[in-house]
Amino acid sequence: MGNTVNTNLNQQNMKYHLTYDDIQLVPQFSKIQSRTHINLNTLVSRRYGLINPIIASPMDTVCGEDMAFKMMQLGGVGCVHRFMSIEDQSTIIKNLRYKIYGEGFGGPFEDWGVMYDDWHADIPYVPIMAAIGVNENDKERAKALVDSGANVLLIDVAHGHHKNVIEMVEWCKANLKSDVDIIAGNIATAEAAIDLERAGADGLRVGIGGGSLCTTRIKTGFGIPNVTSLQNVLNVAKVPVMADGGIRSSGDIAKALALGASNVMLGSLLAGTDEAPGMIIEKPNGLYKRYRGAASLETKLTHGQEARNVEGESTVVPYKGGVKLIVNGLMDGVKSALSYAGATNLKEFRLDYVEVTNAGLNEAKPHLL
Ligand code: XMP
C-alpha cells in the first residue's frame, strides 16, 4: 500500500497526457428521435443515486444549504462544505434531510416521488452529502453529520493518496452506520484508486490541480491533466468515479462521462448563482459574486486558518441568477451529446475519442467572430 508503484496501471505508454481540450468525441450511429427519451440516471457513490450526474463542490462560495437543496430538486447533489462549525454543518444536513425525508430516516426515492417523478432506475436512495477532513475532530464531525442524516461523506483533501485519508476511510467504515457511503480523493493515479478502494472507499474523486482556481501545479509541479487522471483511475476502479475540476461546459461533462466517470463535480460553473453562498457585488460594469479556492489565502483567512499551504486563487465571477437555468442548460447539452452517440442512457455512453491539434481546437470554437 502507499509506496507500491505499478506504472503499467497508469497511462505511462501514452505519448501525451491529455485534458478535455485535447480530445473530441467521435459521432456514432443514432436512432434517437427525441432527447426526452434520454435519461441521465447514475451513481454518486456505490449505493446512492442521481438523476443528473452533477455534484456541487464543497467550497464555501459554491455549496451551502441553498445550493444543496436546489441541486437535490434538480436531480443532482450538493456536497455541503466543511468550512464551518460542526454544529452549523450538522444543522444544514438536518434541514436537508427534513426537506426530503420528513421525520423518518431512510426512505427510498419512491417515497419522495414528487421531485423525482421520473426516477426509474434500480438505485434506491437520495444522497445527502457533506464534506469532512482528516483531523481528529473530523471524526466527531463525521459522527454528527451522520447523526443529522448525512448518508454520503466526502473526505475532502487535496492529496487523497495519503495515509491519513486511507486511515480516515477505514475509521469511517468501522465506526459509522453501515449504510453511509464514503467518497475519497482527490487522486490522479491507479495506485491511489486501488489503495482507497482497499480501505473501503465507495466512490473516488479524481483531479489534482486542474480546477479553475487551482495553483497546485504551479506551486508544486504536481498534477496530471484531467482526461489522463480519469483514465488512470477508471482503468482499475470498481466504484463510481467523480470527475472533479476544470469542467467549463456541457461538452467537458460529456467527455468525462464518455470516458466512464459516473458524475462530475462543478465549482466555477455553479459559482455566481443565487444559491451559491455570498452576497451579490455591484460594480460599475455589472453584478458579481465571489468565487474562491478552498485553499486560497482569502478562504484561509476568512475561516481563521493559518496563511500557510496556499494553493488557490480567489476572484469574482459574473452574477448568473438561479442555478436551475445553469443546470438545465448543462443537462440539455449532455443529452444532446448522448444523442450524437446514439445512447439513451449513461451506461450506453462509452465512447472513443480523437486527439486534436491546436488547429482542431480553434476549429472547435466559433471562429468567425
Ligand atoms: P472548477 O474548475 O469546477 O474546479 O472551478 C472546482 C474544483 O477545484 C478544486 N479546488 C481547488 N484546488 N486549490 C486547488 O488546488 C484550491 O484552492 C481549490 N479549491 C477548489 C476542487 O477539487 C473543486 O471541486
Side-chain angles (χ1 to χ4, degrees), residues 19-21 44 53-64 67-68 71 76-83 129-131 133 154-162 165 183-188 192 203-227 229-230 233 241-253 255-256 261 263-273 276-278 289-303 305-318 320 323 326-327 330:
T19 192
Y20 296 117
D21 272 353
V44 60
I54 42 167
I55 303 175
S57 179
M59 299 166 75
D60 72 349
T61 47
V62 176
C63 192
M67 180 64 80
M71 290 297 285
V77 67
C79 184
V80 177
H81 75 80
R82 63 188 170 94
F83 302 103
M129 185 174 178
L154 172 79
I155 302 177
D156 175 32
V157 170
H159 181 29
H161 197 189
H162 193 290
V165 177
I183 301 176
N186 279 34
I187 59 170
L204 298 168
R205 183 187 184 196
V206 177
I208 304 255
S212 61
L213 294 176
C214 295
T215 54
T216 300
R217 293 188 193 168
I218 293 165
K219 187 164 173 186
T220 70
F222 278 83
I224 295 179
N226 287 327
V227 164
S229 298
L230 275 176
V233 171
V241 168
M242 176 194 303
D244 175 32
I247 289 177
R248 303 149 301 169
S249 62
S250 51
D252 288 348
I253 299 176
K255 289 172 186 176
N263 56 66
V264 298
M265 178 168 270
L266 306 177
S268 61
L269 280 176
L270 305 180
T273 57
K289 287 185 86 165
R290 287 208 75 72
Y291 178 46
R292 57 193 189 192
S296 66
L297 184 61
E298 187 180 312
T299 299
K300 285 178 187 274
L301 293 181
T302 304
H303 302 292
Q305 296 169 4
E306 284 180 68
R308 288 190 306 123
N309 305 326
V310 170
E311 281 183 26
E313 297 287 356
S314 45
T315 186
V316 290
V317 292
K320 297 172 187 161
V323 76
I326 305 291
V327 168
L330 293 172

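For the single chain, residues carry numbers from 1 onward in sequence order. Excluded from the calculations below are hydrogen atoms, water molecules and symmetry mates; all remaining heavy atoms, backbone and side chain alike, are included. Numbering of ligands and ligand atoms starts at 1, following listing order.
Near Glu311, meaning under 4.0 Å from one of its heavy atoms, ligand 1 places the atoms 13 (N), 14 (C), 15 (O), 16 (C), 17 (O). Under a 4.0 Å criterion applied to the non-hydrogen atoms of Gly312, ligand 1 contributes the atoms 13 (N), 16 (C), 17 (O). Near Met59, meaning under 4.0 Å from any of its heavy atoms, are these atoms of ligand 1: 19 (N), 20 (C), 23 (C). Within the listing of ligand 1, atoms 1 (P), 2 (O), 4 (O), 5 (O) sit less than 4.0 angstrom from a heavy atom of Ser212. Near Thr216, meaning under 4.0 Å from any of its heavy atoms, are these atoms of ligand 1: 14 (C), 15 (O). Heavy-atom contacts of Met265 reach the following atoms of ligand 1: 24 (O) (cutoff under 4.0 Å). Each of the following atoms of ligand 1 lies closer than 4.0 Å to a heavy atom of Gly211: 2 (O), 4 (O), 8 (O). Short contacts between ligand 1 and Ser57, defined as distances under 4.0 Å to a heavy atom of the residue, involve ligand atoms 23 (C), 24 (O).
Considering backbone and side-chain N/O of Ser268, one or more are found under 3.5 Å from N/O of ligand 1. An N or O contact shorter than 3.5 Å links Ala295 to ligand 1 by distance. Geometrically, ligand 1 and Gly267 share a nitrogen or oxygen pair separated by less than 3.5 Å. Residue Gly210 places no N or O, backbone or side chain, under 3.5 Å from any N or O of ligand 1.
When side chains are defined from C-beta on, Met129 counts as touching Leu154, because their heavy atoms get closer than 4.5 Å. Two residues are said to be in side-chain contact when any heavy atoms from C-beta on lie closer than 4.5 Å; Ser212 and Glu313 fail this criterion. Looking only at side-chain heavy atoms (C-beta outward), Asp21 and Arg248 come within less than 4.5 Å of each other. Residues His81 and Asp156 fail the side-chain proximity criterion, which asks for heavy atoms closer than 4.5 Å.
Remark: distances from the non-hydrogen atoms of Ser296 to ligand 1 include one below 4.0 Å. Residue contacts with ligand 1 include Asn186, since one or more of its heavy atoms lies under 4.0 Å from the ligand. Within the 4.0 Å heavy-atom cutoff, Arg205 counts among the residues contacting ligand 1. At least one heavy atom of Gly246 sits closer than 4.0 Å to an atom of ligand 1. Ligand 1 is never approached by Gly207 to a heavy-atom distance shorter than 4.0 Å.
Neither the backbone nor the side chain of Glu313 comes within contact range of ligand 1; no heavy atom lies under 4.0 Å.
For atom 9 (C) of ligand 1, the closest non-hydrogen atom on the protein side is Cys214 SG, 3.9 Å. The nearest heavy-atom contact from the protein to atom 6 (C) of ligand 1 is Tyr291 OH, 3.7 Å. The protein non-hydrogen atom at the shortest distance from atom 19 (N) of ligand 1 is Ala294 N, 2.7 Å.
Arg217 CZ to Ile224 CD1: the interatomic distance, rounded to the nearest 0.5 Å, is 8.5 Å. Considering CG of Leu230 and NZ of Lys255, their distance stands at 12.5 Å, rounded to 0.5 Å.
Between Leu270, Leu269, Asp244, Thr61, it is Asp244 that holds the heavy atom closest to atom 24 (O) of ligand 1.
Screening Thr315, Thr302, Leu297 for a side-chain contact (heavy atoms from CB on, under 4.5 Å) involving Arg292 leaves a single residue, Thr302. Tested against Leu266, the residues Ile326, Asp244, Leu330 include a single side-chain contact (heavy atoms from CB on, under 4.5 Å) partner, Leu330. Under the side-chain contact (heavy atoms from CB on, under 4.5 Å) test applied with Leu204, the options Ile187, Asn186, Ile183 reduce to a single match, Ile187.
Not a single donor-acceptor pair under 3.5 Å links the side chain of Lys300 to the backbone N or O of Val310. In this structure a side-chain-to-backbone donor-acceptor pair under 3.5 Å is missing from Lys320 to Gly272.
The shortest heavy-atom contact between Ala184 and Val165 is CB-CG1, 4.1 Å.
The side chain to side chain donor-acceptor pair (under 3.5 Å) check on His159 picks up nothing, with sequence neighbours excluded.
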